[in-house]
Amino acid sequence: MKIAVPKEIKNNENRVGLVPAGVRQLVQDGNEVFVQKSAGEGIGISDEEFVEAGAKICDTIEDTYAAGEMIIKVKEPQPEEVKLL
């Protein structure tokens, strides 16, 4: 399965839907994981850490949503994200 993790855009939300350990496990289980650039910076996780865990980095939110068959978020989709589903 292709799993995408966009950067949260809700006001004052810095968390991310997956951390590198979760990415690593999903990749080991045969999934592809796509993480939006800078998705983890609000909680101190770099893009490099996601890449080391096996994720592919997407430059934009549009690219991230397009890459995934399943989207993992912390908060509900915001109005501008709904159209990307």
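On a predicted model such as this, the values are computed, not experimentally measured, just so you know.
- Contact between T64 and C58 at its shortest, heavy atoms only, is OG1-CB, 3.3 Å.
- How far CG of D63 is from CD1 of I61: 10.5 Å, rounded to the nearest 0.5 Å.
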Name each donor-acceptor pair under 3.5 Å that joins a side chain in residues 78-85 to protein atoms two or more places apart or in another chain, with its distance.
{"from": "Q78", "atom 1": "NE2", "to": "E76", "atom 2": "O", "distance (Å)": "3.0"}
{"from": "Q78", "atom 1": "NE2", "to": "E76", "atom 2": "OE2", "distance (Å)": "3.4"}
{"from": "E81", "atom 1": "OE1", "to": "K73", "atom 2": "NZ", "distance (Å)": "3.3"}
{"from": "E81", "atom 1": "OE1", "to": "Q78", "atom 2": "N", "distance (Å)": "2.8"}
{"from": "E81", "atom 1": "OE2", "to": "Y65", "atom 2": "OH", "distance (Å)": "3.0"}
{"from": "E81", "atom 1": "OE2", "to": "K73", "atom 2": "NZ", "distance (Å)": "3.2"}

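- Note that OG of S46 is 10.5 Å distant from CD of E41, once rounded to the nearest 0.5 Å.
- For the pair E8 and R15, the salt-bridge criterion is not met [side-chain N within less than 4.0 Å of a carboxylate O].
- Taking Ile, Leu, Val, Met, Phe, Trp and Tyr as members and joining any whose side-chain heavy atoms lie under 4.5 Å apart, directly or through other members, the hydrophobic cluster of V33 also contains M1, I3, V5, V16, L18, V19, V23, L26, V27, V35, I43, I45, F50, V51, I57, M70, I72.
- Taken from OG1 in T60 to NZ in K7, the straight-line distance is 13.0 Å, to the nearest 0.5 Å.
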